[in-house]
Amino acid sequence: MSTVTGTLVQLKLSLLRNGLRQSAGRRAAYIASAVVTLLFAALQLLGLVLLRGNAHAHAVVVLLVVVLALGWAVMPLFFPGGDETLDPTRLVMLPLRPRPLVRALLAASLVGIGPLFTVCLFAGSVIAVARGAAAYIVGVVAVGLALLVCVALARAVATANIRLLTSRKGRDLAVLSGLVIAVGAQVVNFGAQRLGSSGLGQLAPAADVLRWVPPASAIGAVDAVSEGSYGIAAAQLALSVVALVALLAMWAQHLTRLMTSPDGSTLQAAGDATVRDRPSTGLARLLPAGRTGTAMERSLRYVWRDPKTKAAWVTSLAIGLIVPVFNALQGTGSIYFACFAAGMLGIQMYNQFGQDTSAFWMVAMTISSTRDAYVELRARALALLVITLPYAALVTVLTTAMLGDWARLPEVLGLSFALLGAMLATGAWTSARFPYSIPQEGYKNVAPGQAGLAWIAIFGGMVAAALLCAPVIAVTIWINTSAGGDAWSRLLLPVGTAYGAAIAYLGLRLAAPRTAERLPEILTAVSKG
């Protein structure tokens, strides 16, 4: 081991050790996460061993390796702060050449729970498909080669995007990891249900293609040797070797550019920059005049520009569409799942002032009466409706078209609009009664010490919204159970819409005096982050 490699490996170990010494809480969290990860790896290893002898074992392990490689590629983009050694810009002042530095960083990257977890799954994949001594010998090479490809892929992606990842926009990107997890969970759930009903044979066509994609080709070589296809195995191993060399070369190229190119901190700032007035955007021209339009534009700009608000909206939009559509694709869904879209977006009305954080003091300075508070809350609700109303209608129509149940479209739309109105009402009230701060940095959506307020505001408000919708729900049940109820189903659209509008108006009216009275408390609560 060279001096540079040994130094960086020791640095990685020191970073892990010193990080655990910072606090007992951090040490307990690390140990707990390590135990859970290793336990999960052990269970996956056992499952892969039990898969040995199955006719479709090769398809499962090939897809598993592809998913692991994809995880290695995207995790640095979403969690750039998870490994301090991912940032090579900290080494730019050292007299190091790119190639020795690449070897050293590659060795340091093999230290940690992630590589150990990956080795366990790769080893289990080899055991699942290997038959004979030659296959196991190739399997040892394949595990090491696949691991190196995954690590090199992660490092190359991180180095190519390190300027973005260490900037504010990069930290904003990390907030969207919740969306990836939420959407991925739904996709995995859908795929598991399809496999449970149709068997593992459905994986074979995809596996036949992906077995030639590194690093899955390395594990595919083990199966090829087991089948006696030594030429195919050699070609698959060669593909993985070529991929590793290409990734290392790309990594070295990006590393050289990164350590020799100037960045914003080394370039002379442009002098005498003039600030030009920009004309009003098209959005502003479409909104009402006065305070209502100004507050609506502010709220919509939060949705577009603020990372935490954008992440919450994108996640709600995605899940609100995925749940009804995936259930409809499985043939077991109900048209009433379309109400999930209105429910997910209605949650955005809760904690309206928390998204302003400490900047809420500028809004508070403009609220001097109940009327001002009502106009502010009404504008925020209208901004939410600009997105929610067409989206809820679109999801409902799409779900109806997939299920072919057009007769119930009016009543489901009416129920969705009534639910949305109830959530606007309860969201306005809980925003004034139970405000909490949303930290701008990191991945937490609630400031320390305010988790109880968040639970009360969100879940208490949702229960209250469900109770407010009880009359419309009761009418819907009566229409679907009564012999002559179908004739009244079309009336649920105007009735549900009017009921939702009335409930929302009443909720805003009741929340306005509470907001005006509690401005100091609200400002204190939302500024803690």
Side-chain angles (χ1 to χ4, degrees), residues 182-183 185-187 189-194 196-198 202 313-349 381-382 384-427 462 465-505:
V183 175
Q186 293 295 330
V187 172
N189 178 49
F190 176 70
Q193 292 183 5
R194 291 291 299 271
S197 60
S198 304
Q202 291 192 11
W313 271 93
V314 172
T315 302
S316 296
L317 289 169
I319 297 179
L321 176 66
I322 287 173
V323 170
V325 168
F326 273 34
N327 280 278
L329 286 174
Q330 296 177 53
T332 59
S334 169
I335 190 175
Y336 294 103
F337 278 125
C339 297
F340 204 81
M344 287 299 300
L345 296 184
I347 295 177
Q348 304 307 316
M349 186 63 188
L382 290 174
L384 187 143
L385 289 175
V386 168
I387 303 174
T388 304
L389 279 178
Y391 182 79
L394 175 64
V395 172
T396 304
V397 171
L398 179 61
T399 306
T400 303
M402 296 180 67
L403 295 176
D405 196 0
W406 293 102
R408 295 188 179 181
L409 176 61
E411 65 181 78
V412 176
L413 274 176
L415 186 59
S416 294
F417 293 157
L419 175 62
L420 181 58
M423 298 194 76
L424 292 179
T426 56
M462 292 172 63
L467 294 176
L468 290 175
C469 283
V472 181
I473 296 175
V475 173
T476 304
I477 295 175
W478 174 79
I479 287 176
N480 287 276
T481 57
S482 176
D486 292 341
W488 300 92
S489 62
R490 297 181 182 274
L491 294 178
L492 263 180
L493 177 55
V495 170
T497 305
Y499 182 82
I503 288 294
Y505 174 78

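The figures that follow rest on heavy atoms only: side chains count, while hydrogens, waters and symmetry mates do not. Note that this is a predicted model, so its numbers are computed, not measured.
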Which residue pairs pass the salt bridge (charged side-chain N to carboxylate O under 4.0 Å, His left out) test when at least one of the two sits in residues 397-410, sequence neighbours left out?
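The answer is D405-R408.
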Let's go through V472 and L492 carefully: what are the C-alpha distance in whole Å and the side-chain angles of both, what is the deciding distance for side-chain contact (heavy atoms from CB on, under 4.5 Å) to 0.1 Å, and is it a yes or a no?
CA-CA 8 Å; V472 181; L492 263 180; 4.3 Å; yes
Search all heavy atoms of [X] against all heavy atoms of [Y] and return the closest pair with its distance.
| X | Y | answer |
| --- | --- | --- |
| A341 | Y391 | CB-CE2, 4.0 Å |
| M423 | A465 | CG-CB, 3.8 Å |
| T497 | L493 | OG1-O, 2.7 Å |
| F337 | P324 | O-CB, 3.7 Å |
| I503 | A425 | O-CB, 3.3 Å |

Ignoring hydrogens and angles, write down the donor-acceptor pairs under 3.5 Å from the side chains of residues 409-422, residues two or more places apart or on other chains.
{"from": "E411", "atom 1": "OE2", "to": "Y336", "atom 2": "OH", "distance (Å)": "2.4"}
{"from": "E411", "atom 1": "OE2", "to": "N480", "atom 2": "ND2", "distance (Å)": "3.0"}
{"from": "S416", "atom 1": "OG", "to": "V412", "atom 2": "O", "distance (Å)": "3.0"}

Starting at [atom1] of [X], measure out to [atom2] of [Y] and round the result to the nearest 0.5 Å.
| X | Y | atom1 | atom2 | value |
| --- | --- | --- | --- | --- |
| L321 | S316 | CG | OG | 12.5 Å |
| I347 | L384 | CD1 | CG | 11.0 Å |
| L424 | L468 | CG | CG | 11.5 Å |
| F340 | I322 | CZ | CD1 | 10.5 Å |
| R490 | I479 | CZ | CD1 | 11.5 Å |
| L345 | L317 | CG | CG | 5.0 Å |

Have a look at T399 and tell me which of V395, V397, T396 forms a side chain to side chain contact (heavy atoms under 4.5 Å, CB included) with it.
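Answer after filtering V395, V397, T396: V395.
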